[in-house]
Amino acid sequence: MSGQVLIEVNSLKKVFSDAENRVIALNDINLKVLEGEIYGIVGMSGAGKSTLIRCINRLDTPNEGQILYRGKDILLMDRNELLRTRRKMGMIFQQFNLFMQRTIAENVRYPLEIAGVPRKKADQHVLELLEIVGLTDKANAYPVQLSGGQRQRVGIARALASEPDVLLCDEATSALDPMTTQSILDLLQDINRRLGITILLITHEMAVIRQICHRVAILDGGNVVEEGSVDEVFRNTKSEAGKRLFGVLPEQSSEDPGVPSLRIIFDGASAEKPVISKLSQETGVFVNILSANMNHLQGKMYGQMIIQKPDLEDENKAVIDYLLAQGLTVKEVNKL
Amino acid sequence: MSWDKLIPLILDGLLDTLYMTIPSTALSYLIGMPLGILLVISSKEGIRPMPVFQSILGMTINFLRSIPFIILLVLLFPVTRAVMGKAIGTIPIIFPLVISAFPYVARMVEGAIREVDLGVIEAAQSMGSTDWQVIRKVMIPEALPSLLNGAAICMVTILGYTAMASAAGGGGLGALAITKGLNVGKFDIMYSASLTLVAMVQVMTLLGNQISRKTDHRIK
């Protein structure tokens, strides 16, 4: 990671308004995406994340603010410069948005066609791209003949064709099943590592952020309410929106008190040990697991588990002490 | 009337009908297709929003479409004479046919292009396409099956208009059925000319559907 700022968003504001309604989609967004990183923007639906990513390549025009790409304001670019810059930013979509009347190879070739790359050279490049995404055998098929995951692979190959510096991912895995999501995330991570392409993705799934992002911004009500390294934000969630995204409420929530619980965070430290079984064995307390969201990544456990807080205070303390001794992070929360 | 007299008469009419229908359809598309595309791209959610222009264009097209062909034919006599040299005959009638059909074509094209998924157009834009590239390489190819279906419908409509061409002294099967059939009580001529028209409509529709389906890669 070279650490240079690739995209910088300053005081971005976007208001949708018609005769009756005025909706502030983005209030005052500030963020920096560094070259070579995978930067995730997460938020509930309606948080403004789609609008934000669409402003980055000016598919949507914000009302105020700056979007600097390598120091140049995208919002001030003339038409030609904007088109040139867009070619440096690949984009993939939730609904894939493939050209249905073009074959897979022709889909991937499109960015090269519009850039005037000679046919022979383009075809050669298309083959390489299809190899990266593992679809060489589908070159002459049409999108309708492909599964969702395969379609997104075509979308990725197409977005990579113009050799972009950054890949914008607009809910790229939200229409896919968990297994396919996993394979697409692996592919994105691979692209980031092997080709050094910066990735800016938006999602409503914390799991996506956990798995591949280096840094994260949590978006709520048109504002960035929390930003930082994924580990830091996950371990020490401060914002209300962040806690909601993790499925927990802060302790002193006035409305719904929820179930008193313990949130255990697995960040790869505690490897293969059956922590909960051991916990019961060693402390003599039987715990009730309320929810768990765990992923195996390179032999380590990532994710979180929420267990019901033991009623007796000394039992509770024993459980917490045990978990802390295992190097896990434990928080007392109220489960929604 | 005997077959050897009837058949050349019908063939003659058929050729005249084609002479009127095919160039009229082609010219109507030459004018109507760009207008139809303009209607889409200048609309509020289009790639070049120009709402005022769009609504003026839309209203003009609606106005032209609302005039019945037979009235337009008569109203246009002086213009037709100025443009085509004369107002009456098989070739001059192409002019009012085109004037009457291009607004229809524009709406047909608009409908087909509007079917193209906005997300797909957005994807093309995100890749740095110019507006012209979006139109030529995305909108038209993606809408091709619908455009072809629409073309078949437009052609059939224009074919129907040619049947009224007898009012302007045009030839063709319609004129044959009326002037040499109905008006003089020769019902064999009337029926065979009419049946030939029916057959032409069937062939055009069938062909249109067939080609449309062949070019449609959206179905498995």
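Chain identifiers are assigned alphabetically (A, B, ...) following the order of the sequence lines, protein sequences preceding nucleic acid strands; residue numbering begins at 1 within each chain.
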What would the table of donor-acceptor pairs between chain B and chain A look like if you include every N and O pair under 3.5 Å, whether backbone or side chain?
| unit_1 | atom_1 | unit_2 | atom_2 | d |
| --- | --- | --- | --- | --- |
| B:Gly119 | O | A:Asn97 | ND2 | 3.0 |
| B:Glu122 | OE1 | A:Arg54 | NH1 | 2.5 |
| B:Glu122 | OE2 | A:Arg54 | NH1 | 2.6 |
| B:Glu122 | OE2 | A:Arg54 | NH2 | 3.2 |
| B:Gln125 | O | A:Arg86 | NH1 | 3.4 |
| B:Gly128 | O | A:Arg87 | NE | 3.3 |
| B:Gly128 | O | A:Arg87 | NH2 | 2.8 |
| B:Ser129 | OG | A:Tyr110 | OH | 2.7 |
| B:Asp131 | OD1 | A:Arg79 | NH2 | 3.3 |
| B:Gln133 | NE2 | A:Ile114 | O | 3.1 |
| B:Lys137 | NZ | A:Glu113 | OE1 | 2.5 |
| B:Glu142 | OE1 | A:Met100 | N | 3.0 |
| B:Glu142 | OE2 | A:Met100 | N | 3.2 |
| B:Glu142 | OE2 | A:Gln101 | N | 3.1 |
| B:Thr215 | O | A:Gln101 | NE2 | 2.8 |
| B:His217 | N | A:Gln101 | OE1 | 2.8 |
| B:His217 | NE2 | A:Tyr142 | OH | 3.2 |

- Where does A:Ile92 contact chain B at under 4.5 Å (heavy atoms): side chain, backbone, both or neither? neither
- Side chain, backbone, both or neither: which part of B:Ile121 has a non-hydrogen atom closer than 4.5 Å to chain A? neither
- Message: Between B:Val138 and chain A, with a heavy-atom cut-off of 4.5 Å, which part of the residue counts as in contact: side chain, backbone, both or neither?
- Response: side chain
- Message: Just checking B:Tyr191: does its OH atom have more than 12 heavy atoms from other residues, nucleotides or ligands closer to it than 6.0 angstrom?
- Response: no
